[in-house]
Asker: 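Okay, here's the structure, questions in a sec.
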Amino acid sequence: MFVIETRNLTKVYRPVGKEIPALNGISLRIRQSTILLVTGRSGSGKSTLLNLIGCLDHPTSGKVILQGNEMSKCSERELSIIRRKNIGFVFQQFHLLPHLSALENVMLPLKYSLVPRNEAKARAIEILGVVDMSHRQDHYPSELSSGEQQRAAIARALVNNPAVVLADEPTGNLDTKTANSIFELIKRLNDTSNQTFVIASHDNSLKGYADRIIQLQDGRIEADR
């Protein structure tokens, strides 16, 4: 089963007086339970591809199909619901709210989905256990190491049980040892829960954790292996 498809996907940014092509004819089929690593130099189109797959931006042309549904046919309200229910996001900067504990940060997506508080708390505690953060759930981001903050961010991305998790340079702010522990966690989650991960990274040491690797250059797929 293909959880994500892109068909001849292009994206052109048009600042005043310019045209900047970011993606040029990207066609992909990503199977469920895959860890897909997207590599390439800065400016190759990695983040743009993730933003389009995640419905955070609109393509200039082409299609994004998520679980059989064409995203271009959805209203903004429908896209917002799709993002909330079907897509988890993990970022390089973590984006944890500093005034909330790890537990409260993980509960946020459930709050936006109108899940009752008691149920949301129980689900957040459960997923924090999965990422080995039960002992730190009451700590604030400033009290957590970078690796712990990223584990909390991964728990937040997973708490709604999304079809796909998109991670943009998730280990970019981490040392090598911590980065490897995060990817070992992602691999374990992929094995145990059949989550699909699409990860953009320029870190070549992470290739051993991926089922599939595509390399982008100048907005095109240069290699797919």
Side-chain angles (χ1 to χ4, degrees), residues 3 30-37 50 54 67 81-201 203 205-206 208-211:
V3 66
I30 304 172
R31 293 186 181 278
Q32 187 175 354
S33 306
T34 296
I35 297 179
L36 171 64
L37 183 63
L50 260 63
Q67 294 183 304
I81 293 171
I82 288 169
R83 284 193 296 269
R84 190 163 63 237
K85 291 185 175 181
N86 297 296
I87 304 172
F89 297 93
V90 180
F91 303 99
Q92 180 176 350
Q93 301 297 333
F94 316 136
H95 294 310
L96 299 175
L97 297 184
H99 61 285
L100 298 180
S101 67
L103 176 61
E104 290 166 333
N105 268 284
V106 175
M107 289 173 63
L108 271 181
L110 300 174
K111 178 181 178 181
Y112 297 143
S113 296
L114 303 180
V115 175
R117 180 174 175 78
N118 287 344
E119 180 183 345
K121 184 175 181 179
R123 285 167 60 179
I125 289 172
E126 179 182 6
I127 197 66
L128 280 165
V130 170
V131 300
D132 304 321
M133 281 287 291
S134 294
H135 63 301
R136 304 290 276 167
Q137 67 184 32
D138 294 323
H139 291 255
Y140 291 87
S142 63
E143 300 172 318
L144 302 174
S145 69
S146 295
E148 289 170 337
Q149 289 184 63
Q150 193 59 293
R151 284 175 179 268
I154 291 170
R156 182 183 57 191
L158 293 171
V159 73
N160 260 336
N161 193 30
V164 60
V165 177
L166 305 177
D168 194 358
E169 298 287 0
T171 59
N173 285 330
L174 305 177
D175 60 77
T176 300
K177 181 178 178 181
T178 306
N180 286 337
S181 75
I182 290 297
F183 266 79
E184 287 168 5
L185 170 62
I186 288 173
K187 183 65 175 174
R188 174 160 57 87
L189 292 169
N190 171 257
D191 289 339
T192 58
S193 62
N194 294 322
Q195 298 285 161
T196 300
F197 289 86
V198 181
I199 303 165
S201 179
D203 187 347
S205 68
L206 305 177
Y209 296 96
D211 301 308

Asker: Count the heavy atoms belonging to other residues, nucleotides or ligands that lie under 6.0 Å from NZ of Lys187, then report whether that count exceeds 12.
Answerer: yes
Asker: Is a donor on one side and an acceptor on the other found under 3.5 Å between the side chain of Asp175 and the backbone of Lys177?
Answerer: yes
Asker: Measure the shortest side-chain to side-chain distance between Tyr209 and Ile186 over non-hydrogen atoms and say whether it is less than 4.5 angstrom.
Answerer: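 Side-chain contact under 4.5 Å: no.
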Asker: Is the closest side-chain heavy-atom distance between Ile154 and Leu189 below 4.5 Å?
Answerer: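 With C-beta onward as the side chain, the pair touches.
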Asker: Counting neighbours of CD on Gln67 that are heavy atoms of other residues, nucleotides or ligands and sit closer than 6.0 Å, is the number greater than 12?
Answerer: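 Yes, the 6.0 Å shell around CD holds more than 12 heavy atoms from other groups.
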Asker: Does Leu110 offer a backbone N or O that forms a donor-acceptor pair with the side chain of Ser113 under 3.5 Å?
Answerer: no
Asker: For the CD atom of Gln137 and the CE atom of Met107, what is their distance to the nearest 0.5 Å?
Answerer: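 So the gap between those two atoms works out to 10.5 Å.
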Asker: Could you walk me through whether Thr192 and Val130 satisfy the side-chain contact (heavy atoms from CB on, under 4.5 Å) test, starting with their C-alpha distance in whole Å, then the side-chain angles of each, then the deciding distance to 0.1 Å, before giving a yes or no?
Answerer: CA-CA 10 Å; Thr192 58; Val130 170; 5.9 Å; no
Asker: Could you tell me which non-hydrogen atom of Phe89 sits nearest to which non-hydrogen atom of Ala157, and how far apart they are?
Answerer: O-CB, 3.6 Å
Asker: Calculate, to the nearest 0.5 Å, the distance between atoms CG and CZ belonging to Leu37 and Phe183 respectively.
Answerer: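 That separation rounds to 6.0 Å.
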Asker: Can you tell if the side chain of Ile35 reaches within under 4.5 Å of the side chain of Gln195, non-hydrogen atoms only?
Answerer: no
Asker: Please lay out, stage by stage, how Arg156 and His95 fare under the test side-chain contact (heavy atoms from CB on, under 4.5 Å).
Answerer: CA-CA 10 Å; Arg156 182 183 57 191; His95 294 310; 4.1 Å; yes
Asker: What's the verdict on side-chain contact (heavy atoms from CB on, under 4.5 Å) for Leu100 and Leu96, showing C-alpha distance, side-chain angles and the deciding distance?
Answerer: CA-CA 8 Å; Leu100 298 180; Leu96 299 175; over 6 Å; no
